[in-house]
Structure formats: C-alpha cells, structure tokens
Protein chains: 2
Amino acid sequence: MSKQELVVLGQDAESGTCRPGLVAAPLDDGQAAELAGLFKALGDPVRLRLLSMIASRAGGEVCVCDLTPAFELSQPTISHHLKLLRQAGLIDCERRGTWVYYWALPATLDRLADFLRTSSTSGAGA
Amino acid sequence: MSKQELVVLGQDAESGTCRPGLVAAPLDDGQAAELAGLFKALGDPVRLRLLSMIASRAGGEVCVCDLTPAFELSQPTISHHLKLLRQAGLIDCERRGTWVYYWALPATLDRLADFLRTSSTSGAGA
DNA sequence: GGCTTGCATTGACGTCTATCGATTCAACCT
DNA sequence: AGGTTGAATCGATAGACGTCAATGCAAGCC
C-alpha cells in the first residue's frame with residue numbers, strides 16, 4: 001500500500017549519487033543545501049509536533065481540523081507550517097470534500113535517518 | 001574557557017523519555033522544543049558541511065585550521081557555526097596548544113536517527 | 001618583553017522567519 | 001442564489017539568524 005505521491009525530492013537522480021551518510025564523506029554544496037532545507041523544516045517545535053501528530057496517526061491520515069485546535073496558534077499559522085512541511089517533502093495532503101487530510105512521507109524521514117546514523121547497522125551494534 | 005551549555009542530551013528527564021520516535025506518538029512541547037533545537041542546528045548548509053567534515057574524519061578530530069579554508073566565509077562566521085553545533089551537543093572541541101580540534105558526538109546523531117526512522121529494521125532494498 | 005599566528009567574541013547590519021488579522025477560495029447546505 | 005464552514009493566501013510586523021569587520025585572547029616564537 002501507500003503508493004502515495006512519493007515523487008518528492010530527486011532521490012539521487014543525477015546529482016545525489018548514493019546518499020553516503022554524514023560520517024562517510026564530506027558533503028558537497030548541493031547535498032548540504034538540500035539536506036539543510038529538510039532539517040530546517042524540522043527545526044521548529046510546531047512543525048515537529050505537527051509532523052509527529054501526522055506520522056503517528058494510525059490510519060495514516062489526519063484532518064487539519066484535528067491539528068489546528070491542538071495548538072494555541074492561529075489557523076493561518078498552522079496552515080503555514082503545514083505548507084513548509086509539504087514543500088520539504090515530509091508530508092503530503094489531499095482535499096476530500098470540505099476537509100483537507102495530511103499524511104507523512106516515510107521515504108524522506110528514512111532518508112534523513114540513514115543520513116544521520118553513524119553506526120551503519122553492521123555488526124558491532126551499539 | 002567558560003562552561004558552555006552542553007546540556008542538550010537530557011536522557012532522563014521526567015517526560016516519557018522513552019524516545020518513542022516520530023511515528024510512535026505525538027510529541028509534547030518539551031520534547032518538540034528540544035528536538036527542534038537539534039534539527040535547527042542541522043538546518044544550515046554550512047553547519048551541515050562542517051559536521052560532515054568533522055564526522056567523516058578518520059582520526060575523529062579536525063583542526064579548525066582545516067575547516068575554515070574550505071569555505072568562502074570569514075573566520076568568525078565559521079567559528080560561530082562551530083559554536084552552535086557545539087551548543088547543540090553535536091560536536092565538542094579541545095584546545096591543544098595553538099590549535100583547536102573538533103570531533104563529532106555520535107550519540108546525538110544516532111538519537112536523531114532513531115527518532116526519524118519510521119520502519120524499524122525493515123530492510124527495504126532500493 | 002614584543003611580535004605573530006590561531007581562534008573566539010563583540011557589535012552592527014541585512015535578510016529571513018514566525019506570527020497575526022484580514023481576506024479569499026472551496027465545498028457544503030439549505 | 002445566498003449563507004456557512006474549513007482551509008489557504010495575502011500584507012504587515014517583531015524577532016531571530018547569518019554574515020562581516022574589528023577586536024580580544026591564548027599560545028608559541030623572536
């Protein structure tokens with residue numbers, strides 16, 4: 001399942017090569033800029049809470065009407081943060097009647113997790 | 001030198017502390033603020049390049065004098081970014097004679113990686 | 001001592017960003 | 001059609017952030 005629109009950031013079409021990871025080799029400018037954009041999207045408490053609320057949802061989808069009242073922020077502000085998360089490729093959304101539903105894009109999250117991991121899941125764990 | 005604020009990796013605390021991960025449960029305010037601070041430190045291309053240059057170093061240590069000339073930025077700017085990375089608990093440093101050496105703190109990186117991973121050990125071949 | 005090098009700190013400046021109120025757009029409902 | 005609700009967009013504003021030149025500080029060297 002989950003054949004959503006995973007067409008987010010160019011995985012490694014022509015520039016990214018093979019996603020070396022943080023400890024493997026120094027980043028070039030392009031990789032650093034792209035990854036920094038992703039981390040910047042995560043670098044806000046409100047967006048992090050929004051993303052966790054979306055990603056931890058059992059059904060995989062959350063209505064904006066369930067997200068907005070969880071914060072003491074105005075509706076435009078929440079909408080703004082959701083837009084940034086979507087532009088970063090961390091979530092996607094779809095309008096269904098009156099309501100808009102958001103879901104997480106695990107590919108992007110796992111990509112960042114792989115990038116940050118120092119011990120590459122090979123023997124000698126911990 | 002003065003004591004910096006390396007109090008980032010609070011592994012105990014009282015709020016959950018299970019490090020549930022992004023998809024496990026919604027974050028509370030405290031966790032979101034703490035993690036957002038870490039991601040914010042990663043949300044800059046220069047800092048990401050600096051961190052990768054430090055973390056990918058074989059010996060584990062890098063002299064500032066090797067980092068600064070790799071950027072077309074002033075020396076104070078590089079020093080500023082290194083300070084932010086250190087305050088976030090991502091790196092640490094030590095003065096050795098005239099030079100200052102930096103190294104990465106893998107614990108913080110792995111913590112973030114664990115937090116972001118959506119599929120725990122789900123070998124998905126690319 | 002005085003000089004030089006390496007790095008951190010300070011102060012200032014321009015830009016980016018988070019937030020809001022007001023407005024607009026989309027869909028539903030009489 | 002008009003009215004209502006849910007969500008995105010627009011403009012404006014206060015604060016945060018990245019960057020630099022100038023300065024300070026520590027360590028080595030003459």
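Because the structure is predicted, anything quoted here is derived from the model rather than measured. Residue numbers start from 1 in every chain, and the chains themselves are labelled A, B, ... in the order their sequence lines are given, proteins ahead of strands.
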- May I ask you to decide if A41(B)'s main-chain N or O and R47(B)'s side chain share a donor-acceptor pair within less than 3.5 Å? yes
- Message: What's the closest nucleotide to the side chain of Q75(A) if the choices are dA18(C), dC7(C), dA7(D)?
- Response: dA7(D)
- Could you check how far NE2 of H80(A) sits from P of dT13(D), rounded to whole Å? 18 Å
- Closest listed nucleotide, where the reference is the side chain of C65(A) and the choices are dG6(D), dC20(D), dA18(C): dG6(D)
- Query: Roughly, in whole Å, what's the span from CG in D44(B) to C1' in dT15(C)?
  - Reply: 13 Å
- Query: With respect to the side chain of L73(B), which nucleotide from dC20(D), dG6(D), dA8(D) is positioned closest?
  - Reply: dC20(D)
- Taking dG21(C), dA7(D), dC20(D) as options, the one with an atom nearest any side-chain atom of P76(B) is dC20(D)
- How is L67(B) classified with respect to the nucleic acid when contacts are heavy atoms under 4.0 Å: base, sugar-phosphate, or nothing? nothing
- To the nearest angstrom, how far is H81(B) atom NE2 from dC7(C) atom C1'? 16 Å
- Pick base, sugar-phosphate or nothing for I78(B), based on heavy-atom distances below 4.0 Å to the nucleic acid. nothing
- Of the nucleotides dT19(D), dT5(C), dC28(C), which one has an atom closest to the side chain of T98(A)? dC28(C)
- Between dA26(D), dA8(D), dC20(C), which nucleotide has the shortest distance from any of its atoms to the side chain of R95(B)? dA26(D)
- Query: Could you give the CG-to-C1' distance, from L82(A) to dA18(C), as a whole number of Å?
  - Reply: 14 Å
- Touch class at under 4.0 angstrom, heavy-atom based, for Y102(B) against every strand present: sugar-phosphate
- Message: I'd like to know if the side chain of S79(B) reaches the main chain of Q75(B), judged simply by a donor and an acceptor atom lying under 3.5 Å from each other, with no hydrogens or angles considered.
- Response: no
- Can you find a side chain N or O atom of K40(B) that sits less than 4.0 Å from OP1 or OP2 on dA16(D)? no
- Remember a base hit wins even if backbone is also touched, and classify Y101(A) as base, sugar-phosphate or nothing at under 4.0 Å, heavy atoms. nothing
- Task: Specify the separation, in whole Å, of atom CD of Q87(B) and atom P of dG18(D).
- Result: 12 Å
- Task: Identify whether any heavy atom of R96(B) sits under 4.0 Å from a base atom; if not, whether one sits that close to sugar-phosphate; answer base, sugar-phosphate or nothing.
- Result: nothing
- Message: Tell me the interatomic distance from L85(B), atom CG, to dA8(C), atom C1', rounded to whole angstroms.
- Response: 15 Å
- Lys/Arg N to Asp/Glu carboxylate O, D29(A) vs R49(B), below 4.0 Å: yes
- Please state how far atom CD in E72(A) lies from atom C1' in dC20(C), giving the value in whole angstrom units. 15 Å
- Message: Taking L90(B)'s backbone N and O only, do any of them form a donor-acceptor pair with T108(B)'s side chain (distance below 3.5 Å, no angle check)?
- Response: no
- Item | F115(B) and F39(B) aromatic ring geometry - parallel, tilted or perpendicular at 30°/60° bounds | tilted
- W99(B) CH2 to dA27(D) P, straight-line distance once rounded to whole Å: 13 Å
- Side-chain N or O of T77(A) closer than 4.0 Å to phosphate OP1/OP2 of dT19(C): no
- Item | Nearest-neighbour nucleotide for the L84(A) side chain, dG21(C), dA18(C), dA7(D) considered | dA18(C)
- Message: Just N and O in the side chain of K83(A): are any of them under 4.0 Å from OP1 or OP2 of dA8(D)?
- Response: no
- When rounded to the nearest 0.5 angstrom, what is the spacing between OG1 in T68(B) and CD1 in I78(B)? 5.5 Å
